[in-house]
Structures are given as C-alpha cells and as structure tokens.
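Here is the structure we will look at.
Residue indices begin at 1 and follow the sequence shown. As the structure lists them, so they are numbered: ligands from 1, and atoms in each ligand from 1.
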Amino acid sequence: MVDLSFKIKDLYFKNPVLTASGTFGYGPEFDDFVDVSELGGVIVKGTTLEHREGNPYPRMAETPSGMLNAVGLQNKGIDYFIKHIYSEIKSYKTNMIVNVSGSAVKDYVEVAEKLNHLDAIPAIELNISCPNVKEGGMAFGTSCESAQSVISAVRKVYKKVMIVKLSPNVTDIASIAKTAEDEGADAVSLINTLLGMAIDAEKRRPILSTVTGGLSGPAVKPVALRMVWQVSKAVKIPIIGLGGIMNATDAIEFFLAGASAIQIGTANFIDPEISIKVIKGIEEYMLRHNFKTIDEMVGKLEC
Ligand SMILES: Cc1cc2nc3c(=O)[nH]c(=O)nc-3n(C[C@H](O)[C@H](O)[C@H](O)COP(=O)(O)O)c2cc1C
C-alpha cells in the first residue's frame with residue numbers, strides 16, 4: 001500500500017491533488033462529476049474584499065495547447081462568501097482553501113482577517129500573481145519588495161496555514177519564493193498564468209477585451225516545471241506545483257522536480273473527473289516504482 005498524504009505545517013492532506021483556483025468553482029459545481037471530499041484540497045475562486053464584475057467580454061481565447069483568460073477575478077466579495085457560500089462548502093471532508101486576491105495590501109489583510117474566523121477554512125492561498133487585474137494583483141508578485149509588503153502584512157493577522165501563489169512573469173522566481181519563505185509563508189504554489197495575447201488577423205484586433213491575458217494549459221508546463229525545480233533549490237517550505245497538468249504522468253514530473261503536491265487547473269474544463277483520475281494514476285505509479293510515500297518521490301530527479 002502507498003501513503004499519499006502530505007502536510008503543510010500541521011495541516012494534513014489525505015493526498016497531494018488539489019484543484020486550482022478559478023477552475024473548479026467553489027466545489028459544488030463539480031458534485032455531479034466527482035466526490036469532492038476525495039480530493040486533497042480545493043482552492044476556491046479568487047476572493048476579494050469587494051464584489052468584482054471582472055473584465056468585459058471576450059475574456060477567453062483558445063490557443064494551441066492552452067487557453068488565454070482575462071476573467072479578472074470576478075467574484076462577489078468576501079462578505080458574500082462568508083454569508084452564502086461558506087455554509088454550502090464547509091461540510092466537505094477535505095481542505096477548503098480560499099484564494100485571496102486584491103489590489104491593495106490593506107484589502108488582502110482585511111480578507112485574511114475575516115477568513116481567520118472560519119473554522120472550516122484551514123488555509124489561504126495568497127494570490128500575488130494575477131495578470132488580469134489592472135490595478136494590482138500581479139504587481140505584488142513581480143518584485144521582492146512588493147511581495148514582502150503584502151506577505152508580511154497578511155502574516156501578521158492570519159494565524160493558519162498561508163500558501164503564497166507565485167507569478168511566472170518574473171526573471172528570478174527563486175528570489176521571490178525565498179522572500180515568501182522569509183516573510184512567513186508556510187508553502188508556495190506555482191505557477192499562475194503566463195502573460196500572453198491572441199490576435200484576430202482578419203479584424204486586426206486583439207481577441208481579448210483586455211488585449212493581454214493569462215496563458216494556461218499544456219503549453220505552460222515546461223515553464224512551470226523549470227520554475228518548480230528552481231524554487232525547490234531555493235526554499236525549504238513545501239512547494240505545490242501547477243501549470244499544464246493534464247494527467248498523472250504530468251503530476252509525477254512535478255513531484256520529481258521538487259513539488260510535494262500539485263493542483264489541476266485548465267484540465268478540469270476538459271475532463272471534470274480528471275482530479276480523481278490523477279489521484280489513482282499517482283498511486284499506480286508509486287506502486288510500480290516502489291515509492292511508499294509522496295516524500296520519497298519529491299525532488300528525485302536525477303540530473
Ligand atoms: C479561467 C481561469 C480563472 C483563474 N482564476 C484564478 C484565480 O482567481 N486566482 C488564481 O490565483 N489563479 C487563477 N487562475 C490560474 C490557475 O489557478 C492556474 O494557476 C493556472 O491556470 C495554471 O494552471 P493550469 O495550466 O493547470 O490551468 C485561473 C485560471 C483560469 C484558466
């Protein structure tokens with residue numbers, strides 16, 4: 001038998017497969033397809049202090065081996081989440097983690113403070129990496145100084161597990177990861193989407209209303225793997241890897257590169273049952289390769 005569990009600080013995850021923010025709703029949207037409680041965790045949609053309409057349409061474009069999105073953190077805000085969504089998701093028997101987004105440090109802090117009081121939310125994922133919000137988001141994750149300001153401010157008020165989600169739109173991701181660790185992050189997750197664009201040549205216009213958007217899916221996997229591998233050399237805290245994971249083999253590659261857990265994003269749109277299939281595939285691989293724990297696999301890339 002294999003043990004799929006892992007921990008971030010004292011927080012126990014029954015397996016290392018989580019669903020990525022913005023690609024799995026809040027969980028109930030997928031009840032018809034999977035038993036959400038079987039997942040290692042669910043990272044819910046980016047939640048901000050105030051209600052956000054998101055960006056105008058069109059805000060999705062297909063690309064070879066991936067997709068571009070410019071949803072722009074559409075959500076009803078933290079108070080709505082607490083009042084209406086929390087009660088719907090708090091009975092899932094898995095780690096329900098809220099992705100916290102914002103455009104000012106004080107917004108992140110206020111949202112984190114409110115989440116501190118929710119017993120069924122054991123962790124937050126601090127999104128300092130959203131490329132689709134004009135007035136902030138990604139800006140926090142692209143320099144050590146700005147990352148430091150938001151991470152340390154949230155750390156002061158948030159007492160439970162804090163995961164910091166990193167932007168790939170930087171030249172030196174390892175130094176941002178190190179900053180996150182130094183400022184008290186309990187884990188880092190990477191990558192968020194890569195900034196890209198799509199053009200309609202006939203109309204001579206950009207396809208997305210925002211011109212640029214975030215690229216995700218198989219196209220980004222090599223970049224994500226490279227970054228996870230670089231970050232694993234720079235920090236001691238656990239790494240949650242994501243970016244283009246479409247099956248169990250992709251997931252295993254992230255473990256070998258140094259991740260202790262993974263998230264599934266765009267693949268949920270193609271196959272809503274993929275997360276559970278990936279859990280089974282990881283187990284099969286571990287049996288075939290005689291790995292008894294996830295830990296035994298992490299960083300076992302032979303270069
Ligand atoms: C439609 C869509 C919405 C997303 N919304 C969020 C979000 O609210 N917060 C966040 O941190 N990441 C968000 N992401 C990024 C994903 O969580 C993930 O980091 C990225 O898509 C890379 O993983 P993938 O290639 O497996 O999709 C979103 C991605 C997509 C495609």
Item to complete: Determine which pairs satisfy side chain to side chain donor-acceptor pair (under 3.5 Å) with at least one residue from residues 37-51, sequence neighbours left out, and list them in order.
Response: Thr48-Asn75, His51-Glu53
Worksheet item: Does an N or O from Asn127, backbone or side chain, lie closer than 3.5 Å to an N or O of ligand 1?
Response: yes
Discussion item. Are any of the N/O atoms on Phe269, whether in the backbone or the side chain, positioned under 3.5 angstrom from an N/O atom of ligand 1?
Written reply: no
Practice prompt. Would you please say whether a donor-acceptor pair under 3.5 Å links the side chains of Ser143 and Ser146?
Written response: yes
Practice prompt. Can you sort out which atoms of ligand 1 are near Ala20, meaning under 4.0 Å from one of its heavy atoms?
Written response: 17 (O)
Discussion item. Quick one about Ser189 and Glu125 (side-chain donor to acceptor, distance below 3.5 Å, no hydrogens or angles considered), yes or no?
Written reply: yes
Worksheet item: Leu242 heavy atoms, cut-off 4.0 Å: which ligand 1 atoms fall inside?
Response: 18 (C), 19 (O), 23 (O)
Response to the item:
Within the 4.0 Å heavy-atom cut-off, what Asn192 brings close to ligand 1 is both
Worksheet item: Heavy-atom contacts under 4.0 Å between Asn69 and ligand 1: side chain, backbone, both, or neither?
Response: side chain
Worksheet item: ligand 1 and Met67, any nitrogen or oxygen pair closer than 3.5 angstrom?
Response: no
Fill in: Thr193 N/O under 3.5 Å from ligand 1 N/O
no
Item to complete: Considering the heavy atoms of Gly244, write down every atom of ligand 1 situated less than 4.0 Å from one of them.
Response: 24 (P), 25 (O), 26 (O)
Discussion item. Side chains of Thr266 and Ser216: any donor to acceptor distance under 3.5 Å?
Written reply: yes
Worksheet entry | Backbone or side-chain N or O of Ile191 under 3.5 Å from ligand 1 N or O | yes
Discussion item. Could you walk me through whether Thr179 and Asp182 satisfy the side chain to side chain donor-acceptor pair (under 3.5 Å) test, starting with their C-alpha distance in whole Å, then the side-chain angles of each, then the deciding distance to 0.1 Å, before giving a yes or no?
Written reply: CA-CA 5 Å; Thr179 299; Asp182 291 345; 5.7 Å; no
Worksheet item: Cut-off 3.5 Å, side chains only: do Asp3 and Ser5 have a donor facing an acceptor?
Response: yes
Worksheet item: With no hydrogens and no angle check, do the side chains of Ser101 and Asn99 hold a donor and an acceptor under 3.5 Å apart?
Response: yes
Worksheet entry | Asp119 and Tyr86 side chains, donor-acceptor separation under 3.5 Å | no
Worksheet item: Are any of the N/O atoms in Gln263 less than 3.5 Å from those in ligand 1?
Response: no
Fill in: Partner residues of Arg155 under the salt bridge (Lys or Arg N to Asp or Glu O under 4.0 Å) criterion, sequence neighbours left out
Asp186
Item to complete: May I ask whether Ile43 has any heavy atom positioned less than 4.0 angstrom from an atom of ligand 1?
Response: no
Discussion item. Please work out, at 4.0 Å between heavy atoms, whether the side chain, the backbone, both, or neither of Leu73 comes within that distance of ligand 1.
Written reply: side chain
Worksheet item: Does atom CD of Glu296 have more than 12 heavy-atom neighbours, drawn from other residues, nucleotides or ligands, at distances under 6.0 Å?
Response: yes
Worksheet item: Around atom NZ of Lys76, are there more than 12 heavy atoms of other residues, nucleotides or ligands at under 6.0 Å?
Response: no
Worksheet item: Touching ligand 1 at all, Ser101? Heavy atoms, strictly under 4.0 Å?
Response: no
Worksheet item: Within the structure, does Ser21 bring an N/O atom to less than 3.5 angstrom of an N/O atom in ligand 1?
Response: yes
Worksheet entry | Closest non-hydrogen atom pair, Leu195 against Asn169 | N-OD1, 2.9 Å
Discussion item. Could you tell me, atom by atom, which parts of ligand 1 come under 4.0 Å of a heavy atom of Thr266?
Written reply: 24 (P), 25 (O), 26 (O), 27 (O)
Worksheet item: Is Gly46 close to ligand 1, meaning an N/O of one under 3.5 Å from an N/O of the other?
Response: yes
Worksheet item: Counting from 1, what ligand 1 atoms have a heavy atom of Ser216 closer than 4.0 Å?
Response: 21 (O), 25 (O), 27 (O), 31 (C)
Worksheet item: Is ligand 1 under 4.0 Å from a heavy atom in the side chain of Lys165, in the backbone, in both, or in neither?
Response: side chain
